[in-house]
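These notes concern the structure reproduced below.
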Amino acid sequence: MLDILVMSFLAGIATLIGSGAVMIGGRPNRRSLALFLGAAAGIMTGVVLFDLIPSAYAYGSFTGTAGGFVLGVFVLFLLDNSFRVLVRNFYGMRHDNVFLRMGMLIAVGIALHDFPEGVAIAAGYSAEAELGLLIAVAITLHNIPEGMACTAPLWKGGIRRRHILLIIVAVSLVTPLGALAGMWLFSVSPRLLSWLLAFAAGAMSYIVSMELVPQAIRSSLCYSAVGIVAGL
C-alpha cells in the first residue's frame, strides 16, 4: 500500500516540473504556446486512443465505454460554457479571456484524467509490482508536458505565479487520491473502473477538439503541428 501511495504521489507531482519549466522560462510567446498546446493535444489524443478507451473496454463493455465517453464530453461541455460565463462576468461582458478559460478547462481535464491514472497505478500494483512501477513511470513522463500545457494558458490569461502553483498542486494531488480510490474500487468491482476511464477519455477528447487544437493552430499552424506530432 505504501509503494502505491508513494509512486502515485511522485507521478502526480511531476505536473509541477512542467509548470516550473514554463514559469522559469518566462511567459510563452505565440510559437512556444502553440508548441505546448500542440504537444498537450498530441499526448492527450494518444492517451485517449491507446490507453483510456482500450482499457475502459477491457474492464467493461462497449455500452459502458460509450456511455462513459459521452458523459465525459457532456460534462466538459457544461463546464466549458459555465467557465465562459464566469470569465466574462469577471472581466466584463465584452471580454472573453480565452486563455484563462482554456487553462481552467485543461486543469479540470488533467484532474479528471489523473484520478483514473491513480486507479491504474493501484490496479497495476495489485496485479504485479513491476507492472505498477511501469505504469507510474509512464504517467510521470506525460504529466510533465501536461503541467506545461496547463501553466502556459493560465499565465497568458493573467493568473499570478503563486495562484498557478496552487492550482497545479491541487491537480497533482488527484493522482494519489485516485490510487486510494483504486485500492478500494478493485475490492468492490473492477467494472466500475471502465466508466472512470471512459469518462476521462470523453473529457479529454472535448478539450483537445474544442480548445487545444483550435487555439494552437491560431497561435501558429507550423509549431502546433510539430507539437501534436511530438506529443503523439
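For Thr65, the side chain to side chain donor-acceptor pair (under 3.5 Å) criterion is met by no residue, not counting sequence neighbours. Take Leu232 and apply the side chain to side chain contact (heavy atoms under 4.5 Å, CB included) test, not counting sequence neighbours, and it matches Thr45, Ile228. Applying the side chain to side chain donor-acceptor pair (under 3.5 Å) rule to Thr15 yields no partners; only residues at least two apart in sequence or on another chain are considered. Contacts of Met7 classified as side chain to side chain contact (heavy atoms under 4.5 Å, CB included), with partners at least two apart in sequence or in another chain: Leu10, Tyr125, Leu133, Ala136. Residues that satisfy the side chain to side chain contact (heavy atoms under 4.5 Å, CB included) test with Val229, not counting sequence neighbours, are absent from this structure. The side chain to side chain contact (heavy atoms under 4.5 Å, CB included) search around Phe9 returns Ile13, Leu173, Pro176, not counting sequence neighbours. With sequence neighbours left out, the side chain to side chain donor-acceptor pair (under 3.5 Å) criterion links Arg218 to Gln215.
Applying the side chain to side chain donor-acceptor pair (under 3.5 Å) test to pairs two or more places apart or on separate chains, none has a residue in residues 223-232.
The two residues Gly38 and Ala216 come nearest to each other via the heavy atoms N-CB, 4.0 Å. The minimum heavy-atom distance between Arg161 and Met23, with the atom names listed, is NH2-O, 3.4 Å. Pairing each heavy atom of Ser205 with each of Ala201, the nearest pair is OG-O, 2.8 Å. Between Ala179 and Ala122, the closest heavy-atom pair is O-CB, 3.6 Å. Closest approach of Ala34 and Ser219 over heavy atoms only: CB-CB, 3.7 Å. The minimum heavy-atom distance between Ser61 and Ser194, with the atom names listed, is N-OG, 4.3 Å.
Between Leu5 and Met183 there is a side-chain heavy-atom pair separated by less than 4.5 Å. Using a 4.5 Å cut-off on side-chain heavy atoms (C-beta onward), Phe115 and Thr175 make no contact. Annotation: side chain of Ile168 is in contact with side chain of Cys150 (closest heavy-atom distance under 4.5 Å). Between Phe69 and Phe199, the closest side-chain pair of non-hydrogen atoms is not below 4.5 Å. Between Arg160 and Trp155, the closest side-chain pair of non-hydrogen atoms is not below 4.5 Å.
With hydrophobic clusters built from ILVMFWY side chains whose heavy atoms lie under 4.5 angstrom apart, Leu71 shares a cluster with Val48. In terms of hydrophobic clustering, with Ile, Leu, Val, Met, Phe, Trp and Tyr side chains grouped at heavy-atom distances under 4.5 Å, Ile24 and Leu166 are assigned to different clusters. Linking Ile, Leu, Val, Met, Phe, Trp and Tyr whenever their side-chain heavy atoms come within less than 4.5 Å puts Ile159 and Val169 in one cluster. Residues Val22 and Val226 fall into different hydrophobic clusters, defined by Ile, Leu, Val, Met, Phe, Trp and Tyr side chains chained together at heavy-atom separations under 4.5 Å. In the hydrophobic clustering of ILVMFWY residues, with side-chain heavy atoms under 4.5 Å counting as a link, Val213 and Phe77 come out together.
Within the model, atoms OG of Ser172 and CG of Leu165 stand 9.0 Å from one another, a figure rounded to the nearest 0.5 Å. The line from CD1 of Ile4 to CG of Leu180 is 9.0 Å long, rounded to the nearest 0.5 Å. With values rounded to the nearest 0.5 angstrom, Thr140 atom OG1 is found 6.5 Å from Ile121 atom CD1. With rounding to the nearest 0.5 Å, the separation of OG in Ser19 from CG in Asn143 is 12.5 Å.
Other members of the hydrophobic cluster containing Ile144, listed by chain and number, are Ile17; membership follows side-chain contacts under 4.5 Å among ILVMFWY residues, whether direct or relayed. Alongside Phe62, the hydrophobic cluster contains Tyr57 (criterion: ILVMFWY side chains under 4.5 Å).
The backbone N or O of Arg31 sits nowhere less than 3.5 Å from a side-chain atom of Ser220 that would complete a donor-acceptor pair.
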